[in-house]
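Since this is a predicted model, take the numbers as computed values, not measurements. Each chain gets a letter, A, B and so on, in the order the sequences are listed, and its residues count up from 1.
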Amino acid sequence: MKKCDPKDFEERCLELLLKIPIGKVTTYKEIAHALGCRGYRAVGQSLNRNKKLISVPCHRVVKSNGEVGGYALGKNEKIGLLLQEGVLVDGGRISKWPLPMHRFSD
DNA sequence: GCTTTGACACTAA
DNA sequence: CTTAGTGCCAAAG
């Protein structure tokens, strides 16, 4: 089982996020899976380090259980952005279920 | 090169 | 529903 290249890892995460259409969200698990590894945490770590908030829609990444998860600027800000994207969020939780999770088919 | 940290995931009770 | 415990990967110290 080939491990993901450290250099590519961060770039992979950002690139995948760019693929997420507005109004949809993805989970750290899906991203990690798309990268071919289970480093759910490493994904968030890369985003937190990059935090290219405008260059990359990091706010579209949520937890697998439906919580919005965290955000470098604050979860409240993350929720606000999701609402602007059209994703209904309530009490730090995605109002809709199942999540409008975007699949990285390609 | 090992230890700690972190925007997580999953199972059991 | 909540709490506790374990596993996961990469970056930073």
Engineer: Return the value, rounded to whole Å, for the distance between atom CD1 of A:Ile31 and atom C1' of B:dA7.
Structural biologist: 11 Å

Engineer: With sequence neighbours left out, what residues match A:Arg93 under side chain to side chain contact (heavy atoms under 4.5 Å, CB included)?
Structural biologist: A:Asn65, A:Glu67

Engineer: Below the 4.0 Å mark, does B:dA9 have OP1 or OP2 next to a side-chain nitrogen or oxygen of A:Ser64?
Structural biologist: yes

Engineer: Among the clusters formed by ILVMFWY side chains lying less than 4.5 Å apart, do A:Ile20 and A:Leu82 turn up in the same one?
Structural biologist: no

Engineer: In whole Å, what separates the P atom of C:dT6 from that of B:dA7?
Structural biologist: 22 Å

Engineer: Shared ILVMFWY cluster between A:Leu99 and A:Val61, side chains joined below 4.5 angstrom?
Structural biologist: no

Engineer: Find the distance A:Glu11:CD to C:dA10:P and express it as a whole number of Å.
Structural biologist: 16 Å

Engineer: Between B:dA9, C:dC9, B:dA7, which nucleotide has the shortest distance from any of its atoms to the side chain of A:Cys37?
Structural biologist: C:dC9

Engineer: Tell me which residues in residues 38-47 of chain A put a heavy atom below 4.0 Å from DNA chain C, sorted by number, or none.
Structural biologist: A:Arg38, A:Gly39, A:Tyr40, A:Arg41, A:Ala42

Engineer: Hey, are the side chains of A:Met101 and A:Thr27 touching, using non-hydrogen atoms and a 4.5 Å cut-off?
Structural biologist: yes

Engineer: Report yes if a donor N or O on one partner sits less than 3.5 Å from an acceptor N or O on the other, where the partners are the side chain of A:Tyr28 and the base of B:dA7; otherwise report no.
Structural biologist: yes

Engineer: Rounded to whole Å, please give me the gap between CD in A:Glu67 and P in B:dA9.
Structural biologist: 9 Å

Engineer: Tell me whether A:Phe9 is reachable from A:Leu17 by hopping between hydrophobic residues (I, L, V, M, F, W, Y) whose side-chain heavy atoms are closer than 4.5 Å.
Structural biologist: yes

Engineer: Any side-chain heavy atom of A:Tyr71 within less than 4.5 Å of one from A:Asn76?
Structural biologist: no

Engineer: Could you check how far CG of A:Leu14 sits from P of C:dA11, rounded to whole Å?
Structural biologist: 12 Å

Engineer: From CZ of A:Arg93 over to C1' of B:dC8, roughly how many Å is that when rounded to an integer?
Structural biologist: 13 Å

Engineer: Measure CD/A:Glu10 against P/B:dG6 and give the value in whole Å, please.
Structural biologist: 19 Å

Engineer: A:Leu99 has an atom CG; how far is it from atom P of B:dC8, in whole Å?
Structural biologist: 15 Å

Engineer: Give the cluster check for A:Trp97 versus A:Leu83: same hydrophobic cluster or not, with ILVMFWY residues linked at side-chain heavy-atom distances below 4.5 Å.
Structural biologist: yes

Engineer: Using atom NE2 of A:His33 as one end and atom C1' of B:dC8 as the other, report the distance to the nearest whole Å.
Structural biologist: 16 Å

Engineer: Side-chain N or O of A:Lys29 less than 4.0 angstrom from OP1 or OP2 on B:dC10?
Structural biologist: yes

